[in-house]
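In each ligand, atom 1 is the first atom listed, and ligand 1 is the first ligand listed.
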Amino acid sequence: MAKKGRVFSGARPTGRQHLGNYLGAIKNYVALQDDYECVYCIVDLHALTTMDEFEDLKQNTAEMALDWLAAGIRPDETIMFVQSHVPQVTELHTILSMFTQLGKLTDLPTFKEKVAQHPHNVNYGLVGYPVLMTADIALYKTDTVPVGIDQASHIEFAREIVRTFNHRTQSNVLIEPQMKNTEYPKVLGTDGAQKMGKSLNNHIELAATPEETLARVMTMVTDPQRQRRTDPGRPEVCNVFTLHKTFSPNELPMIDRECRVAGIGCVDCKKILAKSLNADLAPFRARRAEIAKDPNRVWDVLHDGAKRATAIAEKTMDEVKAAVGLP
Ligand code: SF4
């Protein structure tokens, strides 16, 4: 079946993935393969902009790739690779930086946020982050980028850089990417307050054992109004209930009803969630264990992906260099 276009998406190498990564991105990555030619990149160069320690980068890259494969990324059709394995991206980044006004980069709200988060490390790469992201998208002649509402401004900025390049070089070398709006559900962590993330240690790993999953779920914050087992609860403000919506659809009416009349306690409710999660993730965990038996498998996939990505990148760079008159 003819594909609708070429999708690019990148994610920082954060190691083993968690439920937030799965529901917010990976699940969508897997589904997009049916309709699009997909290019999925582990953006290790982006990761360097905010890193203080480097020794885990390689391992985190491998663990993340392993999770992607176990979740259903099909490397025979999808190009899955590591950003730094295709050095043309840094070449395009340099050229596109000449088409990007510095003031616009330093005015971006995302840059200001990063400065606030990393005041001791406001490096040059941090300023150029959106230009490198544009190079990622443009290098592979991507026409579609899946985005959540909070990322739309990044892609709008990338479109602007591409437009400027094409206009000033009087060419149509680069493709202005279209946004494919994706409703990413915001997945809260076990604290029930902040977005699930490793740095906050409020995450539940996909590859955790059933026992680890149960232990994590038991720490989840529930409706603060339920101080005692006999207090009625409010499922609509409880993150355990939110996860039940995805993982325990059959139990949902019972939990909704019984929570409100204190007919079920939070401990039992969490045990049901852990059971549902473990049942849902069992095939993923089995596939992960199978793939991990061959320690070379992940790197073979990533190197093969880099070869295929390089073939596209070389052609793009020939056109870009010609457009800017490089001999
Ligand atoms: Fe949340 Fe379940 Fe407790 Fe109700 S019973 S507050 S839904 S954990």
* So does Arg216 pair up with Glu212, basic N to acidic O under 4.0 Å? -> no
* Do side-chain atoms of Glu251 reach the backbone of Ser248 as a donor and acceptor pair under 3.5 angstrom? -> no
* Which residue and heavy atom of the protein sit nearest atom 2 (Fe) of ligand 1, plus the separation -> Cys269 SG, 2.4 Å
* Asked: What is the closest protein heavy atom to atom 8 (S) of ligand 1, and at what distance does it sit?
  -> Thr222 CG2, 3.5 Å
* **Distance from atom 3 (Fe) of ligand 1 to nearest protein heavy atom, with residue and atom** => Cys266 SG, 2.3 Å
* Asked: Taking 4.0 angstrom as the limit, do Arg159 and Glu176 come out as a salt bridge?
  -> yes
* Asked: Judged by non-hydrogen atoms, does Lys270 sit under 4.0 Å from ligand 1?
  -> no
* What protein heavy atom sits nearest atom 1 (Fe) of ligand 1, and how far off is it? -> Cys238 SG, 2.4 Å
* May I ask you to decide whether Arg226 forms a salt bridge with Asp231, counting only side-chain N to carboxylate O separations under 4.0 Å? => no
* To do: Please write down residue, atom name and distance for the protein heavy atom closest to atom 5 (S) of ligand 1.
  => Arg226 NH1, 3.1 Å
* To do: Look at atom 4 (Fe) of ligand 1 and say which protein heavy atom is nearest, naming residue and atom and giving the distance to 0.1 Å.
  => Cys259 SG, 2.3 Å
* To do: Begin with the C-alpha distance, continue with both residues' side-chain angles, and end with the deciding distance and a verdict on salt bridge (Lys or Arg N to Asp or Glu O under 4.0 Å) for Arg16 and Glu63.
  => CA-CA 5 Å; Arg16 287 182 170 211; Glu63 293 278 4; 3.5 Å; yes
* **Salt-bridge contact Glu236-Arg260 (side-chain N to carboxylate O under 4.0 Å)** => yes
